[in-house]
Novice: 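Here it is, the structure in full.
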2 protein chains.
Amino acid sequence: MTGQVRTVDGRVAGRRGQATRQKLLDCLSEMLSSSPYRDVKVIDVARKAGTSPATFYQYFPDVEGAVLEIAEQMATEGGQLTELLAGRSWVGKAGWTTAQELVDGFLEFWRRNDAILRVVDLGAAEGDKRFYKIRMKILNSVNNSLTDSIAELQSKGRVDKDVNPAAVAGSLVAMLAAVAAHQKGFQTWGVKQAELKPNLALLVHLGVTGKKPTK
Amino acid sequence: MTGQVRTVDGRVAGRRGQATRQKLLDCLSEMLSSSPYRDVKVIDVARKAGTSPATFYQYFPDVEGAVLEIAEQMATEGGQLTELLAGRSWVGKAGWTTAQELVDGFLEFWRRNDAILRVVDLGAAEGDKRFYKIRMKILNSVNNSLTDSIAELQSKGRVDKDVNPAAVAGSLVAMLAAVAAHQKGFQTWGVKQAELKPNLALLVHLGVTGKKPTK
DNA sequence: ACTTGTCCTGTCATGCCGTCAGCTTACCGA
DNA sequence: TCGGTAAGCTGACGGCATGACAGGACAAGT
């Protein structure tokens, strides 16, 4: 399905080529974790990978192009986030568990990929459709499930009619993403990680069901 | 109180100098709105301002330094956000109004300063303390009021004891910021601006008071 | 060993970075 | 009016990253 990996000038990459390509991506990933996006240079990535800048340009048009590649890989893995919600109940104690596990899984995913997600967020906010699509791909996996859950509760009359399921779900997902991206900020406000999670879960539960959880 | 404006090499800037400096900041601001942060070059800003790159370096150490300056100005204006909450009530119909106006004011502020806020967000997420402090300065103005409101309701027994006011307030503020930054994203999910606001206000009200608003 | 196609790099023109010396301009006191 | 002084600006330059290309190294099959 996914077309073969190709170099910029159209050649098909063989085993060795793919290895260097991947090594470049790995090194870029590392660099993004340790230095500001704006300061990541092709020459540094190449040096770190023990190769030359020219090699980098054989596989990627520029830094941004390579970042997109990494982000794409991550987005695919991010599909697993759907499992945090598949077949879960929002009623009674089970609802509280669902909320907690969603928060847990989400924060964990963000923490694992924070460097690349920062850049994706920026690109999306700047209006770049490619980054925007990737961000959607990740968030949709959670957002769609959440929207469905709310819509279902709504059809049963457990949630007010004037609630827009997509708007609420989207806002909650945005909240999770933002909190995950700025976890350190909460420490300044005197909030520890461990305290943060249950309060986030509370907000998610409130948003989805409109009611306080039964613990 | 605020020390005189100085050039990089320590001279005091006079009237003309401050004008050029401001012009450079304005042009930088514009460039940030129209092109990706990563691609904003000193030479472009200088050209746009009708001056030379060397002049830029007389007033700012680099692009980042100038961005910090703009952000600082914005953060000062952002102090007005406190007024959205000062002396407001979270009880009854007034509570619903408070939530609505908070959401309105917040989104408006973000929309007006979206370009610079994107960069501040990125810098903060990357761990740069200078950006981080600016982000705090803006969010604190809302966050502190919100935390106080929740704590007060809590002391009156209207909010559960196991709620951490700072954590909930911080999460809500993060949500507002994230939604504001990605307003376009919601259109893809079929949510219009006008629909988004009341649903956000609902979430804020739920988060603060734990109860649905009376409209 | 030879051929073939993949893979890598040295090299080069181009353009931005960041600094400095030196020129112009504005202000001020005599 | 006339220097004197400090502010303000820029041309020019070495240094480094970019991005393209052509040619050399390498692996695999014959």
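Residue numbering restarts at 1 for every chain, and letters A, B, ... go by the order of the sequence lines.
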Novice: Going by salt bridge (Lys or Arg N to Asp or Glu O under 4.0 Å), name the residues that satisfy it together with A/Asp62, two or more places apart in sequence or in a different chain.
Specialist: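 Here no residue qualifies.
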
Novice: Give a yes or no answer on whether the side chain of A/Asn164 reaches the backbone of B/Glu195 with a donor-acceptor pair at less than 3.5 Å.
Specialist: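 Such a contact is absent between A/Asn164 side chain and B/Glu195 backbone.
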
Novice: Whole-Å distance between C/dC17 C1' and B/Ile43 CD1?
Specialist: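 For the pair B/Ile43 CD1 and C/dC17 C1', the rounded distance is 9 Å.
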
Novice: In terms of the nearest nucleotide of DNA chain C, which residue is placed more toward the 5' end: B/Arg47 or B/Pro53?
Specialist: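 This one resolves to B/Arg47.
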
Novice: For B/Asp104, check side-chain hydrogen bond (donor to acceptor under 3.5 Å, both in side chains) against everything at least two apart and list the hits.
Specialist: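 Counting only residues at least two positions away or on another chain, B/Asp104 forms a side-chain hydrogen bond (donor to acceptor under 3.5 Å, both in side chains) with B/Lys197.
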
Novice: Sort and list the pairs that fulfil side-chain hydrogen bond (donor to acceptor under 3.5 Å, both in side chains) and have at least one residue in residues 78-88 of chain A, not counting sequence neighbours.
Specialist: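 Sorted result for residues 78-88 of chain A: A/Arg88-A/Glu101.
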
Novice: Tell me whether B/Gln154 contacts the main-chain N or O of B/Val163 through its side chain, where contact means a donor paired with an acceptor under 3.5 Å.
Specialist: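 Looks like yes, one N/O pair under 3.5 Å.
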
Novice: I need the minimum non-hydrogen distance between A/Asp121 and B/His182, along with the two atoms involved.
Specialist: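 Closest heavy-atom pair between A/Asp121 and B/His182: O-CE1, 3.6 Å.
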
Novice: If every non-hydrogen atom of A/Trp90 is compared with every non-hydrogen atom of A/Ala99, which pair is closest and at what distance?
Specialist: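 So the minimum-distance heavy-atom pair works out to CZ3-CB, 3.8 Å.
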
Novice: Would you classify A/Thr51 as touching base, sugar-phosphate or nothing, given that sugar-phosphate means primed atoms plus P, OP1 and OP2, and contacts are heavy atoms under 4.0 Å?
Specialist: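 Sugar-phosphate: the residue A/Thr51, judged by heavy atoms under 4.0 Å, touches backbone atoms but no base.
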
Novice: Can you list the residues that meet the salt bridge (Lys or Arg N to Asp or Glu O under 4.0 Å) rule with A/Arg6, with sequence neighbours excluded?
Specialist: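 Partners of A/Arg6 by the salt bridge (Lys or Arg N to Asp or Glu O under 4.0 Å) criterion come out as none, since no residue qualifies.
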
Novice: Once salt bridge (Lys or Arg N to Asp or Glu O under 4.0 Å) is applied, do any residues pair with A/Glu126, and if so which ones, sequence neighbours excluded?
Specialist: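 Expected list: none.
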
Novice: Once you round it to whole Å, what is the distance between C1' of C/dT6 and CZ of A/Arg6?
Specialist: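 Rounded to whole Å, this separation is 14 Å.
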
Novice: Which pairs of donor and acceptor atoms, one on a side chain in residues 44-59 of chain A, lie under 3.5 Å apart (sequence neighbours left out)?
Specialist:
unit_1, atom_1, unit_2, atom_2, d
A/Thr51, OG1, A/Thr55, OG1, 3.0
A/Ser52, OG, A/Ala54, N, 3.3

Novice: Report the distance from atom CG of B/Asp39 to atom P of C/dC16, rounded to the nearest whole Å.
Specialist: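 Computing the B/Asp39:CG to C/dC16:P distance gives 12 Å.
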
Novice: Which residues within residues 59-70 of chain B lie with some heavy atom under 4.0 Å of an atom in DNA chain C?
Specialist: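 Nothing qualifies; none.
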
Novice: Would you please confirm or rule out a distance under 4.0 Å between OP1 or OP2 of C/dG18 and any side-chain N or O of B/Tyr57?
Specialist: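 Yes, B/Tyr57 has a side-chain N/O under 4.0 Å of OP1/OP2 on C/dG18.
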
Novice: If you look only at pairs with a residue in residues 24-38 of chain A, which of them pass as a side-chain hydrogen bond (donor to acceptor under 3.5 Å, both in side chains), with sequence neighbours excluded?
Specialist: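 Found A/Gln22-A/Asp26.
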
Novice: With rounding to the nearest 0.5 angstrom, report the CG to CD distance, B/Leu25 to B/Gln18.
Specialist: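 Atom-to-atom, B/Leu25:CG and B/Gln18:CD are 11.0 Å apart.
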
Novice: Using a heavy-atom cut-off of 4.0 Å to chain B, what are the terminal contacting nucleotides of DNA chain D, in 5' to 3' order?
Specialist: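 Range of nucleotides within reach of chain B: D/dA7 to D/dG11.
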
Novice: Please list residues of residues 19-35 of chain A whose heavy atoms come under 4.0 Å from any atom in DNA chain D, ordered by number; otherwise none.
Specialist: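 Per residue number, the list is empty: none.
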
Novice: Are any of A/Thr55's side-chain N or O atoms less than 4.0 Å away from OP1 or OP2 of C/dT9?
Specialist: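 So the side-chain polar atoms of A/Thr55 do come within 4.0 Å of the phosphate oxygens OP1 or OP2 of C/dT9, strictly under.
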
Novice: With B/Asp162, which residues qualify under salt bridge (Lys or Arg N to Asp or Glu O under 4.0 Å), at least two apart?
Specialist: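 Once residues adjacent in sequence are excluded, the partners of B/Asp162 under the salt bridge (Lys or Arg N to Asp or Glu O under 4.0 Å) criterion are A/Lys215.
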
Novice: Expressed in angstrom and rounded to an integer, what is the separation of B/Arg11 atom CZ from C/dC27 atom P?
Specialist: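 Rounded to the whole Å, the gap is 15 Å.
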
Novice: Protein-nucleotides 20-26 of chain C N/O pairs closer than 3.5 Å?
Specialist:
none

